Structures are given as C-alpha cells and as structure tokens.
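Following: one structure in structure tokens, then a few remarks.
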Amino acid sequence: MSKKKILITWPLPPAAMERARATYDVIAHGDDPKITIEEMLETAKSVDAILLTLNEKCPKAVIDQIPENIKCISTFSIGFDHIDLEACKARGIKVGNAPHGVTVATAEIAMLLLLGAARRASEGERMIRTRSWPGWQPLQLVGQRLDNKKLGIYGFGKIGQALAQRARGFDMEIHYYDIYRAKPEVEAKYNAVYHDSLDSLLSVSEFFSINAPSTPETRYFFNKDVIEKLPQGAIVVNTARGDLVNDEDMIAALKSGRLAYAGLDVFAGEPKINEGYYDLPNTFLFPHLGSAAIEARNQMGFEALDNIDAFFAGKDMPFKLA
Ligand SMILES: NC(=O)C1=CN([C@@H]2O[C@H](COP(=O)(O)OP(=O)(O)OC[C@H]3O[C@@H](n4cnc5c(N)ncnc54)[C@H](O)[C@@H]3O)[C@@H](O)[C@H]2O)C=CC1
Ligand SMILES: O=C(O)C(=O)COP(=O)(O)O
C-alpha cells in the first residue's frame, strides 16, 4: 500500500522527522522562509493530512479554504488558539494537539522567569555585556528572595501544577485560582491554597504566574484593574499566551513601579512586540522559549504524529480537540 502523504509546515526534531518519514511520504517545508498560509493551502491540495505549528494562524477564513481532501490537522503545540475548531468541525476536519510534552519544559521557563525577575538577572547580564560593571557594591541590583513568598498561579493545569512543584522546591507558598478546583490530593501534594475568585488570588499574590489558555474569557484579562488588586511591587510572569495581557497597562505599571518586575515568554502579536517593553529595565524577556527543550520537542512531535496515525487507522485521535 502506498504511503499517505502529509505536510509538515516546519522541520521537526530529527527523531520526529525520522518517525514521520518511516510512516509517511512527507512534504516538509523549510524554515527559511517561513511558510505562508497561501503556500500551506496550495500544498494541502496534494496531501492527506497537515501537521502545523502555532505560527500557522487558521481562523475560519483559512479553514474554509482548506481543500476537501484534508480531514486531519494536528498541531505541534498544546495551545490551539490559532485554529478555529468550530470551523473545523463544520468542515468535518479532525483536529488534535500535543498536550503533554511541553509541561515540564514550560514550567522550567516559568521558574527561570520567576527567579530571573526576582534576582534581576537580565539587568546584571546587560551590565556585564555593556562593559559597565563598576564592581561589587552593597546596593547593586538588589532583588528579593523567593522563599516564603506567596506565588499566585492563574490556571492550575498541567503547567501550573508543574510550576507549583518547582516553586515548592524554592520554599514558595502556593496559591491558585482556576475555573475548576483541583482534587484534594492535588492541593495536598503542593500544599496549594485554592481561591474561589481571581480577586481573592490577586490580593495575596506577591508573585503572579499566568498559566491559563488564551480563550474569549481570558484574553486581555490582565489589565489595569487586575494589576491594581495585586500587592504593591508584585512580580508577574507569563508563559501562557501574550494576548492574556494588556501590554499598555502592564508597561504603565512597570514604569510607575506599581509592578516591580515582569518576566515574559510570550507576547501579543509576537514576534513583533510592544515597543514599550524594549527599554524597560525591570523586565526579563524570552522569545517564546517555553517548550524549547529537546525532550519536549521530541515528545510534541510524537504526540502530533500519534494523532495522524490514529486518524489514518480510523480511530479517535489520542489528543483530540475536534
Ligand atoms: N510558553 C510556551 O512555550 C508554552 C505556552 N503554553 C501555554 O500554556 C497554556 C497552559 O498549558 P497547560 O497547563 O498544559 O494547559 P492545561 O489545559 O493543562 O491547563 C490550563 C488550565 O487553565 C484553566 N483555565 C482555563 N480557563 C480559565 C480561566 N478563564 N480562568 C482560570 N483558569 C482557567 C483550565 O481549567 C486548566 O486547569 C496553554 O494553553 C498554552 O497557551 C503551553 C506550552 C508552551
Ligand atoms: O504548545 C504550546 O502551546 C506552545 O506554546 C508551544 O510553544 P513552542 O512555540 O513550541 O515553544
């Protein structure tokens, strides 16, 4: 039997590419230049499934142009805010994601942002790289410790809980808000205090980590009013999605000192980011590094392929979204 043909919109790690090639006839788009939606739609005419990434934005207008032969899309990400699932359902397109490989890697980046923001790591790095370090001083780049501080986690899912586990290692006190309360054994595992409202969580969060997906309910929730409810001088980290944050309000609060620091891995409209961030000293900024660990990227590739394998076997996708 001839192999099914799949389009992979960006090259994946070698282990995932090898597995894909062993099973399928793979059309892999090079990463330079980035695939355009037009190119993706054109190539889609000659393949049986698409494995794409969060770079390929697929609102209804794009899904509606996907050729009839495509009934399977698998995304190399847990986030699926780039795909209109309702439009896919309407077209009978099955969609799956890669939900588990990212967890530890992204929680590590959240931990790194918490530490780097608290200890002013990027300011120190800049001081050395700009050859402007005058030598050790008692009051130079004095930050704060994490131990015995209250960490508020907004979205206590896989990454939120993996962050809680790591933050416990630094003796932080774990607080969370989620639309679903975690099981008692999960709360016990992290000694986590549940708050039944975002406001209640904000009122205690000396450190605040954003770990909820981008949805109509969460989009731009982190605005001036929310910031006002945090303790003075709170530190905020975001490893979820940039569009959970109102950038203008965040930047104003960082400028005024209402927020002491922000550690950000994701940005609305990335890779273009709000100009206001570039010159703010009290930010620790990463270019969407969350899942950028080889173990994570391999597993993400395998999970995305598991969906496609299941689809062609006539089974439900193991990581089914639609
Ligand atoms: N920076 C990066 O590279 C990465 C970013 N992400 C982002 O992190 C997000 C979280 O990932 P996981 O923890 O694996 O997902 P998850 O689905 O395990 O957890 C998300 C949690 O957020 C909660 N939630 C949903 N809506 C909420 C709301 N309105 N208010 C409060 N809580 C709400 C859910 O109930 C769930 O417990 C992903 O959706 C993705 O956007 C994920 C991987 C890598
Ligand atoms: O899985 C997700 O939602 C991600 O954000 C994956 O991010 P990445 O761009 O693979 O670091």
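All ligand and atom numbering here is 1-based and tracks the order in the structure. The model shown is predicted, which means the values in this text are computed figures rather than measured ones.
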Distance flag, aromatic centroids of [Y] and [X], threshold under 6.0 Å:
X      : Y      : answer
Phe284 : Phe286 : yes
Tyr176 : Tyr154 : no
His100 : Phe319 : yes

Do Asn246 side-chain atoms and Asp249 backbone N/O form a donor-acceptor pair below 3.5 Å?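 Here the side-chain-to-backbone pair exists.
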Using heavy-atom distances, let me know which of [options] sits nearest [atom].
atom                    : options                        : result
atom 2 (C) of ligand 1  : Gln161, His288, Glu217, Arg219 : His288
atom 38 (C) of ligand 1 : Thr215, Ile78, Thr239          : Ile78
atom 25 (C) of ligand 1 : Pro213, Ala292, Gly155, Ala105 : Pro213

Could you tell me which atoms of ligand 1, counted from 1 in the order shown, lie closer than 4.0 angstrom to a heavy atom of [X]?
X      : value
Thr218 : 28 (C), 29 (N)
Phe156 : 37 (O)
Val102 : 43 (C)
Ala212 : 22 (O), 33 (C)
Asn211 : 10 (C), 20 (C)
Val266 : 1 (N)
Ser291 : 3 (O)

Between [X] and [Y]: side-chain donor-acceptor atoms closer than 3.5 Å:
X      : Y      : result
Asn274 : Glu248 : yes
Ser209 : Asn211 : yes
Lys149 : Gln144 : yes
Thr239 : Asp265 : no

Residue-ligand contact Ser214/ligand 1, heavy atom below 4.0 Å: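 It does not, in that no heavy atom of Ser214 comes within the 4.0 Å cut-off of ligand 1.
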Could you check whether any heavy atom of Thr103 sits closer than 4.0 Å to an atom of ligand 1, since that is the contact criterion I want to use? no
Tell me which part of Tyr154 gets within contact of ligand 1: side chain, backbone, both or neither, using heavy atoms under 4.0 Å. side chain
Which is it for Arg21 and Tyr24 under the side chain to side chain contact (heavy atoms under 4.5 Å, CB included) test, yes or no, and what are the steps along the way? CA-CA 5 Å; Arg21 289 209 162 92; Tyr24 301 110; over 6 Å; no
Can you say whether the rings of His175 and His195 are parallel (under 30°), tilted (30 to 60°) or perpendicular (over 60°)? tilted
Closest contact, heavy atoms only, Ile308 versus Ala49: CG2-CB, 4.3 Å
Taking both backbone and side-chain atoms of [X], is any N or O found less than 3.5 Å from an N or O belonging to ligand 1?
X      : result
Lys158 : yes
Thr106 : no
Asp178 : yes
Ile159 : yes

